[in-house]
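Reading through the structure tokens given below for one structure.
Owing to the predicted nature of the structure, the values given are computational and were not obtained by experimental measurement.
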Number of protein chains: 2
Amino acid sequence: MAKRFITIKDIAEEAGVSVNTVSRALNNKPDVSPQTRKKVLEIARKLGYIRNSDAVLFRKGTTKTIGVVFEDSSNPFYAEVFKGIEVSARKYGYQVILMNTERDYINEMQAVDTLLQKRVDGIIISPTQFDSKDIEKLVKLNFPFVILGVHFENDELDEVYSNDVKGGYLATKHLLLKGRRKILMLNAFMYKSVARMRYEGYVEALREFGLQPYAMVEIEEGYESAFNKIMELRDIDFDGLFCFNDVFAIAALKALRLLGKKVPEDVAVVGYDDISYAEFVQPSLTTVRIDKYQEGIVAFEMLYERLMNLRTSPKRVLLDVNLIVRESA
Amino acid sequence: MAKRFITIKDIAEEAGVSVNTVSRALNNKPDVSPQTRKKVLEIARKLGYIRNSDAVLFRKGTTKTIGVVFEDSSNPFYAEVFKGIEVSARKYGYQVILMNTERDYINEMQAVDTLLQKRVDGIIISPTQFDSKDIEKLVKLNFPFVILGVHFENDELDEVYSNDVKGGYLATKHLLLKGRRKILMLNAFMYKSVARMRYEGYVEALREFGLQPYAMVEIEEGYESAFNKIMELRDIDFDGLFCFNDVFAIAALKALRLLGKKVPEDVAVVGYDDISYAEFVQPSLTTVRIDKYQEGIVAFEMLYERLMNLRTSPKRVLLDVNLIVRESA
DNA sequence: CTTTGTGCCGGTAACGTTACCGGCACGATC
DNA sequence: GATCGTGCCGGTAACGTTACCGGCACAAAG
């Protein structure tokens, strides 16, 4: 376990030259004779030299690393966004550090703090607990960051989010066009702007049909939570169900089956997100699709513009959504 | 965008003391008078000092970081293992860097290389393309690493893997006990030790019932691949299906439904892994459960023992598996 | 009064690497 | 022969931080 790495100093000694020359040789810089260069490279290989990239970056005053703060990377939604970020980051030579917060305020604070301490070049954050004040603090630091998936009032921010009002509208309208009139919305807590916007779309579609909102319940996120709520609502009369996300919808499918209600005959169900399992469940899920991979790519590119000073004014990107019609509605 | 961070030097100047004193004050070390300490801390806060953790670790010659090399972190199986690693790593004050390889040899090499260049303290790797020779190279570096999910012959290695022979045995035996005799195994490519071991269990169970292996096909990983294969095999006669993993099984469920075969009446299906969606599909999936979260925890702890020199001899951990019986078989 | 201790602090070096500058040797140019 | 350019190389400092040591001042102990 003698975990001692070879340094350029070791190479310099062995080659009988200075560390400067070694550095220049290894980095293909001028001011090194062909013979010296060859010798240095050979010795480096012989000794098993592995360059210390952190030392290089430290010296250069950058980390070529960005931080990503998500609530839960094992959630298929974020997993795919992350992949988009990671792929485009790698393309530009950036590393990505992922921080999970489990929707906990302390964790969210600490995640950002750790990333700042690590001197990442920028941060992509999908806030769950942060309010405008916390975001404000970040702005004051004059530190490059992009907000993903959430919309704040402050208009100095870089944000990528999807058109949730339209998504809610499309989902609800689809149910209405299928003749459903008693449409229940199974929503997440409304303190999240996403939940508010999807609800807004829901209301808008109903209004277009001259209807009042029928019913909306807010629940905690997670499969069990949704399953229990549907079982609880067994006596409520509804023929359409618009769920905040696919996890809710998949839970609802299971609960409705247990309650003896047929989907889509008795209740038509629409989800949101189009996670990969949406098409595998039975019946396959009609849902609103967000291009998660694309969202990740856009987020990174926006951050990159900041890092390179290609852009200094704030930018918002509103991603389009579309309805994927399958069997459940 | 004046991304200039405050350093202890700035604090030292403002406080009229040396950087040493500042360092000691900020780290609660002795040899600082209470007044000086107070003053330093105040100035640090006023100036918005954020310590450069990389510089600290650089100075200390450690990174307090480990690397994880997985084929695809958006795969729910690895996502959960990763969570186990991350949680226990954080408990010990370690950061985790995740590298995705997409089952590509070059990526796998580069991932390890990048991690070494970053001087991570250790690596957890779930190899897909590496053969014994590549592993050998790692061993020669005398670098702490743990292999996850795969078993190599070399017995100097630290490995965590699950009892795949038993898993294959349990799955097959269950099908046999349900009266199935024509059991097809939908396997991954046999160059993977995991695939070989699960097949071994399959053969063993059949032998116990005095039967020869019925049929086994090897396919590429992924949902489409499995779906297509089952559609292709429409004319093959089988009443039991043992799948290499749940993704295969879920794809098979869909294909069988399209082919008009009822599960479990016509074909009983058993998957492997018990990913979270296994219980949500219709019919819910009978499968072999690996405690993925636990596997991640164990992997980190084994690595930690190495890092702390608590253990110097190799160690293998074989995790138990068990059968989760649901509707599909 | 001298010694010994101790509380407090600063100087210097170091982690591994690269940027910057200066210098030497040699050949070419006047 | 003096000057200049250029190819090649090394010395020094620096990134931000901490370890180590030495030193000063003052109090306690002999």
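Contact annotation for A:Asn52: backbone-only contact, meaning every heavy-atom pair under 4.0 Å involves sugar-phosphate atoms and none involves a base.
Using a distance-only test at 3.5 Å, with no hydrogens or angles considered, a donor-acceptor pair links the side chain of A:Ser126 to the main chain of A:Leu148. Panel note: side chain B:Thr62, backbone B:Lys60; no donor-acceptor pair is recorded below 3.5 Å.
Looking at A:Glu71, A:Arg103, A:Glu108 one by one, the single match for side chain to side chain donor-acceptor pair (under 3.5 Å) with A:Thr128 turns out to be A:Glu108.
Between D:dT18, C:dT18, C:dC8, one nucleotide has an atom nearer to the side chain of B:Asn27 than all others, and that is D:dT18. Residue B:Thr7 has its side chain nearest to D:dG16 when only D:dG10, D:dG16, C:dA19 are considered. The side chain of A:Val56 sits closest to C:dT18 out of C:dT18, C:dG10, D:dT18. With C:dT17, D:dC15, D:dC9 as the choices, the nucleotide that has an atom nearest any side-chain atom of A:Arg51 turns out to be C:dT17. Of the candidate nucleotides D:dT17, C:dT17, D:dG10, D:dT17 has the atom lying nearest to any side-chain atom of B:Ala55. Here D:dG16 is the nucleotide among D:dA19, C:dC9, D:dG16 with the atom lying nearest to any side-chain atom of A:Phe58. Considering only the side chain of A:Asn20, C:dC20 comes nearest among D:dT18, C:dC8, C:dC20. Among the nucleotides C:dT18, C:dC9, C:dA14, the one closest to any side-chain atom of B:Arg59 is C:dA14.
Contact annotation: A:Ser18 does not reach the phosphate of D:dG11 (side-chain N/O to OP1 or OP2, under 4.0 Å). Contact annotation: A:Tyr49 side-chain N/O to C:dG16 OP1/OP2 distance is not under 4.0 Å. For B:Thr21 and C:dG10, the shortest distance from a side-chain N or O to OP1 or OP2 is below 4.0 Å. Distances shown here put a side-chain N or O of B:Ser33 below 4.0 Å from the OP1 or OP2 atom of C:dC9. Side-chain nitrogen and oxygen atoms of A:Lys29 include at least one within less than 4.0 Å of the OP1 or OP2 phosphate oxygen of C:dA19.
Rounded to a whole Å, the CZ atom of A:Arg24 is 11 Å from the C1' atom of D:dG7. Put simply, NZ on A:Lys60 is 18 Å from P on C:dG16, counting in whole angstrom units. A:Lys118 places its NZ atom 15 Å from the C1' atom of D:dT17, with the value rounded to the nearest Å. Regarding B:Arg37, its CZ atom lies at a distance of 12 Å from the C1' atom of C:dG7, rounded to whole Å. One interatomic measurement links the two molecules: NZ of B:Lys39 to P of C:dC8, which rounds to 15 Å at whole-angstrom precision. Between the CG atom of B:Asp54 and the C1' atom of D:dT17 there is a distance of 12 Å, given to the nearest Å. Rounded to an integer number of Å, the gap from A:Phe5 CZ to C:dT17 C1' is 16 Å. At whole-Å resolution of the value, CG in A:Asp10 and P in C:dG16 are 9 Å apart.
Checked against the 6.0 Å centroid threshold, B:Tyr92 and B:Phe300 count as a close aromatic pair.
Nearest heavy-atom pair across B:Pro314 and B:Asp155 is CG-O, 3.5 Å.
Judged by the 6.0 Å and 45° rule, A:Arg119 forms a cation-pi pair with B:Phe5.
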